[in-house]
Each structure stands twice: as C-alpha cells, then as structure tokens.
Amino acid sequence: MKFYNTLHRKKEDFQPLEKGKVTLYTCGPTVYDYAHIGNFRAYIFEDLLRRYLEFSGYDVLQIMNITDIDDKTIRRSIEEKLSLENFTDKYTASFFEDVETLQILPAHHYPRATEFIPQMIETIQQLEDKGFTYTTEDGSVFFKISQFSDYGKLANLNPDQLKSGDRVEDDEYGKEEGRDFALWKGYKAQDGDVGWDSPWGKGRPGWHIECSVMSTHYLSNHFDIHCGGVDNIFPHHENEIAQSCAASGEAFVNYWLHNEHLLVDGQKMSKSMGNFYTLRDLLEKGCSPEALRYTLISTHYRSKLNFTFEKVKAAQKCINRLRELKRRLKKINNEEAEVLSAETESMLSKFSAKLGDDLNISGALGELFIWVNYLFAELDNDKLDCCSANGALSALRKIDSVLGVIECENLEVDDNIQELIIEREKARSDKDWDKADKVRGQLDELGIVIDDTPEGTVWKRK
RNA sequence: GGCGUCGUGGCCAAGUGGUAAGGCAGCAGUCUGCAAAAUUGCUAUGCACCAGUUCGAAUCUGGUCGACGCCUCCA
C-alpha cells in the first residue's frame, strides 16, 4: 500500500508506526456556516482512506477537529447576536447531519477547539520556555519562524523568500516579521465576550495551535497520517509541524495526504458566481446523497474535480447498476454456501490493489465494472449457480464497505409514490396501457423510473 | 518572481516502455403491451504540439503552447 506523501512529493510505501494500527488526523470544519460540497470532497476523501485502511485490516483511530473559535465564528456569532457556543453548536449539528447523510464514517473523536484551551496554553508555554516565541504589546504570542530551521519543508518554500507584507495588511497584532504566525491572539474589542485568561492576558488561541494540540492529545506526539485540503499545506500544516516539533522535540506526522479542490463548471465555487452549493442545496435540487457521494469519491483525490450535474446523473446510473446487480443476485437462492468464483476473487484482489496504489479509485471502479458486466452476462444466460451468487453478493458487500453507496438506500417510499405504483400495477393488470403510461409519466416527473421485472415492478431514482 | 500540478474519444477517466481499462452519452439488434433494466454489436491507427532516445513511447529526455493551484489563517 502506498500513498503520495506531500512531505516528499512522491508515493511512499505505507508503514504504520504500530503494526496493524493507523493513527489518523483529518482536518475538520470551521463551524461558521453550512459546509459546501467542496468541503465535503475533503471529508469524503478522508472517509475513503479510512474505509480502505479498515478494508485492508487496519485498526484505525481517526480524530477530526471542530474549529469553533476563529475570526469567522466570532464575527458571525456577533452578527447573529448569539453566544459563540450557541452559534457554533448550530453549525456543528448541521455538519454531523450532513456527515450522516453522506454515509461518512464518524471519526472516533471530534474535539472542539474551545474544549482544549488549557492544553493549548500549556503547549504555548512550552514553546515560550524553549525560546520559540515572542510576545507583543497587545498580549499576543507569536511563533518565531527563524528559530525553526526546518520551516518550509512541507510546502517546499524557502522561508527566506517568503514575502512579508504583500498580503498581510494587518500587523494589528504587531509581529516582528510577516511570516511569523500567532499562537495566541490578545483580546480585542471586536472579539465581544469571547476570551480566555492566560499567562499573556486575556485572549484566544491561534488557529494552527488547535490542530497541533488536539491531534497529539489523542494520537501522541508522533502519529501516522494527517490529511487536509491542498490549501492547508501552507501555512496551516507547515505551522503545525513547526509548533509540534518545536514543542515536543519529536517527529510529528509520517504521511501528509492532501486532496485537491472541487470546481463547479470549471470555476472556483463562490457565492457571487452563484455556483456555491451546500449539500442541502443539492438535495433540494433532487440529487440523491449516494449519487453525490459517488460523484465526490470517484475522481482521484489529487485531481481537481469539476462538479457538474451530468456527473451526478452518471453517478446515479452507476449506483443503480450496482443495485440492480444486487437485486438480481439476491433472486438466486440465498440459503446455500458461499463460493468466491475465480472472477470474484480476482476482482476483489485487483480492486484492492488499485486502491492500494494511492487510492486509485478510477482503476478500482474499472475492475469492479468489468466484473459487474461479467456477472450480468452470466445471469442473463442462467449460468450462475447460487453459491457463486452468494459469493458475489458477499463481494459486493465488501466493495460497498469501501464505497458506501449501494446499501444506503434511504429510499423511504413516499406514500404518494407508492400509491402511484399500485395504481399503475392495477392499470397494467387491466391492460389499460394508456393509464399505465400516464402514471409512469407522473412518476417520471417525480424523478422515479419504473422497471417492470418478471417479479413485479421495481422503482429507482432517475 | 519562487514553488507545484495538469493536458488521453462527445463528456468523465485508468494506463509510467510492448502496442489504448472502465463509466456516462449516442446508434443498431434481442427482450418488453410500450418502456425501463439487462444483453449483443458499433463508436480514439491515436493520447496538446515539435524534436530526440529506443526494435518499440500516451508512457523516457529536451523544447513549445495551453490550463490551473499555492506563496499567511480558504477543504
């Protein structure tokens, strides 16, 4: 199994620190708004990684942070006249709802930044004791990059060439050098009633320290994998490395995995362009959660993903095909023993091998569909015995433990749809084809496709 | 300016030296009350362009063109 490690800009064999176990930290949401599908691309990539590691037999411990204290959460909570806690609780809850909707496996812990203020202060104190910091007049504490010789290794930037000033208008916190970053931000009036006491006065933690403290709290100073979006490589992850290594004196993370961004119609998603989608927006537009999941999962994580509704539609068709296969396989006697045919075993091993090559999902799906095509042909020719069918069903379940798109049929049949189907069945048995077709048209408008099989009518999403 | 990614059929996309996986869309046949689904057949002499290495290149080397990202708090 190998992954592309941003730290060395190449694929590397994956060797966990402890045999059979993986410690995984995945950068989570800043809860100041509903997450958009670009955010979810990251979480779904991380979910695929987690599921594949578990599929491969690893015992994974995953931590995801919830950033509930930063400029945006403070500003927005004040705008909405809510306490920071009430404000962030709302969006944290909506995040968890979305995670569930998308069948993302929950992390084992979701630490919130506000729950770790004492630990952050402690770490900043350590850094201060070791001479990595300086304090400014307003009670802010900065990390002094010039003290950390490895700075820039992850982002492949030369720290001496980091321009100071270009994009940093505010030295409101009074740093010595533009490239230094805040560990602790002294209290300012615009922070409202948000602030904690510290050895440096009232204030709040910087963003980067949060991840350093919470990751090592659960996973120890040195752990296996840290994920996030490419935009986090610099400065966020670079700063995390500096803080963590400086504080502990130990190595921090062995493998850094970063996902590329999602584009909408070839362009960056933005509210002003009107191409900004939250999960809720897309569900309202009639996309199914599993089609969205498939869409987000089926492009390699290090490639840019251009989100289009054509892709969602294609994804839905792929899922329908897998579900249809499952339905047909289930029709064959289910009580007998399971036999993995040579084709099925071959598919499983190739599927796994492709994913083992830096999560080559397209290659893996290619192998899956070769097998799917083969099975449909066997089914059509009545060549599949029940034991092989059971084996195939079992393989399908294994595959879905990684993909998470087949079983999650949250097809609660809406009564209206159910009634229409029954109405059409009756018309058909009366050979009232006009009426049957009319009802089918109505269902079509509801996004439902009818499939008359020898065992009765089956329906699915368009 | 520095660092980095990418360019494969109508669309998406795998393939890192041995002669183009897979999905979607499309066309035709079988099946069906008609559909849908499934199935069968068809759809890239070519992988941005040029030159080179090689018996052989989408894959390696050099160059050209084009798209994009990051360079301080955005997944």
Side-chain angles (χ1 to χ4, degrees), chain A residues 6 9 26-30 35-46 67 70-72 145 152 155-158 160-168 170 175 178-182 185 206-208 227-236 238-239 258-263 266-270 294-295 298-300 302-306 308 310-311 313-318 320-321 324-325 327-328 350 354 357 360-373 376-377 379-381 428 431-434 436-437 440-441 444 449-454 457-460 462:
Chain A
T6 306
R9 310 270 162 176
T26 51
C27 272
T30 301
H36 57 69
I37 49 163
N39 300 127
F40 281 109
R41 184 182 190 198
Y43 308 135
I44 283 201
F45 143 63
E46 290 153 358
T67 298
D70 84 323
D71 294 352
K72 288 188 294 282
I145 283 171
N156 197 18
L157 291 170
N158 180 345
D160 295 331
Q161 289 176 350
L162 284 178
K163 294 189 207 167
S164 52
D166 255 21
R167 287 178 52 177
V168 192
D170 74 285
K175 1 178 179 177
R179 55 189 197 165
D180 293 337
F181 60 90
K185 296 183 169 188
W207 177 37
H208 315 297
C227 299
V230 283
D231 52 320
N232 280 155
I233 295 172
F234 191 87
H236 185 49
E238 191 68 62
N239 291 351
H258 294 96
N259 64 279
E260 252 299 345
H261 279 172
L262 174 142
L263 304 172
Q267 296 186 296
K268 197 166 178 174
M269 195 162 40
S270 72
Y294 192 101
T295 303
S298 61
T299 293
H300 186 84
R302 284 191 290 115
S303 300
K304 284 184 237 312
L305 164 57
N306 188 20
T308 61
E310 281 70 32
K311 260 183 197 155
K313 211 173 157 188
Q316 185 70 60
K317 298 273 292 218
C318 291
N320 287 348
R321 188 165 165 80
E324 175 68 9
L325 177 66
R327 195 186 66 77
R328 296 266 301 267
K350 285 177 181 165
K354 294 284 181 187
D357 181 11
N360 179 355
I361 186 73
S362 304
L365 289 173
E367 299 298 343
L368 173 62
F369 278 98
I370 288 170
W371 174 78
V372 169
N373 295 341
F376 271 123
L379 284 164
D380 271 17
N381 294 324
R428 288 187 75 231
K431 297 203 188 302
D432 183 352
W433 309 126
D434 284 347
D437 290 350
R440 182 164 58 202
D444 185 72
V449 180
I450 287 302
D451 184 358
D452 297 321
T453 74
T457 298
V458 175
W459 66 281
K460 61 193 77 172
K462 200 162 28 171

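A:Lys431 has its NZ atom 7 Å from the C1' atom of B:G33, to the nearest Å. Put simply, CH2 on A:Trp371 is 17 Å from C1' on B:A21, counting in whole angstrom units. Between A:Leu379 atom CG and B:U30 atom P there is a gap of 23 Å when expressed in whole angstrom units. Atom CG of A:Leu368 is separated from atom P of B:G22 by 13 Å (rounded to the nearest Å). To the nearest angstrom, C1' of B:C70 lies 11 Å from CG of A:Asn156. Atom CD1 of A:Ile370 is separated from atom P of B:A13 by 19 Å (rounded to the nearest Å). Rounded to whole Å, atom C1' of B:A13 lies 13 Å from atom CZ of A:Phe369. One interatomic measurement links the two molecules: CD of A:Glu310 to P of B:G26, which rounds to 12 Å at whole-angstrom precision.
Contacts of A:Gly366 with the nucleic acid, taken as non-hydrogen atoms under 4.0 Å apart, include base atoms. In this structure, A:His261 reaches the bases: a heavy-atom distance under 4.0 Å links it to at least one base atom across the strands shown. Residue contacts for A:Gly228: at a heavy-atom cut-off of 4.0 Å it reaches the sugar-phosphate backbone alone, with no base atom in range. Looking at heavy-atom distances under 4.0 Å, A:Leu263 makes no contact with the nucleic acid at all. Heavy atoms of A:Lys350 sit nowhere under 4.0 angstrom from any nucleic acid atom. Within 4.0 Å (heavy atoms only), A:His258 reaches no atom of the nucleic acid at all.
Under the 4.5 Å side-chain criterion, counting only non-hydrogen atoms from C-beta, A:Ile145 is in contact with A:Phe181. Within the 4.5 Å cutoff, the side chain of A:Cys227 has heavy atoms near those of the A:Phe45 side chain. Side-chain contact between A:Pro29 and A:Asn39 is absent, with no heavy-atom pair separated by less than 4.5 Å.
Closest contact between the side chain of A:Lys304 and the listed nucleotides B:G69, B:C74, B:A75 involves B:G69. Distances from the side chain of A:Ala314 to the nucleotides B:C24, B:A75, B:C73 place B:C24 closest. Checking B:G33, B:A75, B:C73 against the side-chain heavy atoms of A:Trp433 singles out B:G33 as nearest. Closest to the side chain of A:Met269, from the set B:A75, B:C12, B:A21, is B:A75. Side-chain atoms of A:Leu262 lie closest to B:A75 of the nucleotides B:G33, B:A14, B:A75. Set against B:A14, B:C74, B:A75, the side chain of A:Tyr43 has B:A75 as its closest nucleotide.
For the pair A:Ser303 and A:His208, nearest-nucleotide mapping onto RNA chain B gives the more 5' position to A:Ser303. When each of A:Pro29 and A:Asn306 is assigned the nucleotide of RNA chain B with its nearest heavy atom, A:Asn306 is the one assigned upstream, toward the 5' end.
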task = Sugar-phosphate means primed atoms, P, OP1 and OP2; the rest is base. With that split, encode nucleotides 35-40 of chain B 5' to 3' as B, S or - using protein heavy atoms under 4.0 Å.
result = BBSSS-
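The minimum heavy-atom distance between A:Cys27 and A:Tyr43, with the atom names listed, is O-CE2, 3.4 Å.
The closest donor-acceptor contact from the side chain of A:Asp380 to the backbone of A:Ala377 lies at 3.5 Å or more, if one exists at all. Although no hydrogens or angles enter the test, the distance criterion places a donor-acceptor pair under 3.5 Å between the side chain of A:Lys311 and the main chain of A:Asn306. The main-chain N or O of A:Arg440 is never found under 3.5 Å from a side-chain atom of A:Asp444 such that the two would form a donor-acceptor pair. Of the possible polar contacts, none joining the A:Glu367 side chain to the A:Lys350 backbone as a donor-acceptor pair under 3.5 Å is found.
Between B:A38 and B:U45, the distance separating the two C1' atoms is 33 Å to the nearest Å. Nucleotides B:G22 and B:G15 have their C1' atoms positioned 11 Å apart, rounded to a whole Å. For B:C31 and B:A67, the C1' atoms lie 47 Å apart once the distance is rounded to whole Å. On the P atoms, B:C60 is 8 Å away from B:G17, given to the nearest whole Å. Rounded to the nearest Å, the gap between the C1' atom of B:C24 and that of B:U43 is 14 Å. Separation of the P atoms belonging to B:G7 and B:C12 is 12 Å when rounded to the nearest angstrom. Between the C1' atoms of B:C47 and B:A14, the separation comes to 12 Å (whole Å). Between B:A21 and B:C27, the distance separating the two C1' atoms is 23 Å to the nearest Å.
Rounded to the nearest 0.5 Å, atoms CZ (A:Phe234) and CG (A:Asn156) are 11.5 Å apart.
With respect to the salt-bridge test (charged N to carboxylate O, under 4.0 angstrom), the residues A:Lys354 and A:Asp357 do not qualify.
Of the side-chain N and O atoms in A:Lys313, none sit less than 4.0 angstrom from OP1 or OP2 of B:A25. Checking the phosphate oxygens (OP1, OP2) of B:A14, no side-chain nitrogen or oxygen of A:Asn360 falls inside 4.0 Å.
Applying the side-chain contact (heavy atoms from CB on, under 4.5 Å) criterion to A:Thr453, with sequence neighbours excluded, gives A:Arg327, A:Asp451, A:Glu455, A:Val458.
Secondary-structure annotation of RNA chain B gives the stems B:1-7 with B:65-71, B:10-12 with B:22-24, B:26-30 with B:38-42, B:48-52 with B:60-64, with a stem taken as at least 3 successive Watson-Crick or G-U pairs whose two distances both fall under 3.5 Å.
A donor-acceptor contact under 3.5 Å links the side chain of A:Lys185 to the base of B:C73.
Residues A:Asn320 and A:Glu324 have side chains that never bring a donor and an acceptor to within less than 3.5 angstrom of each other.
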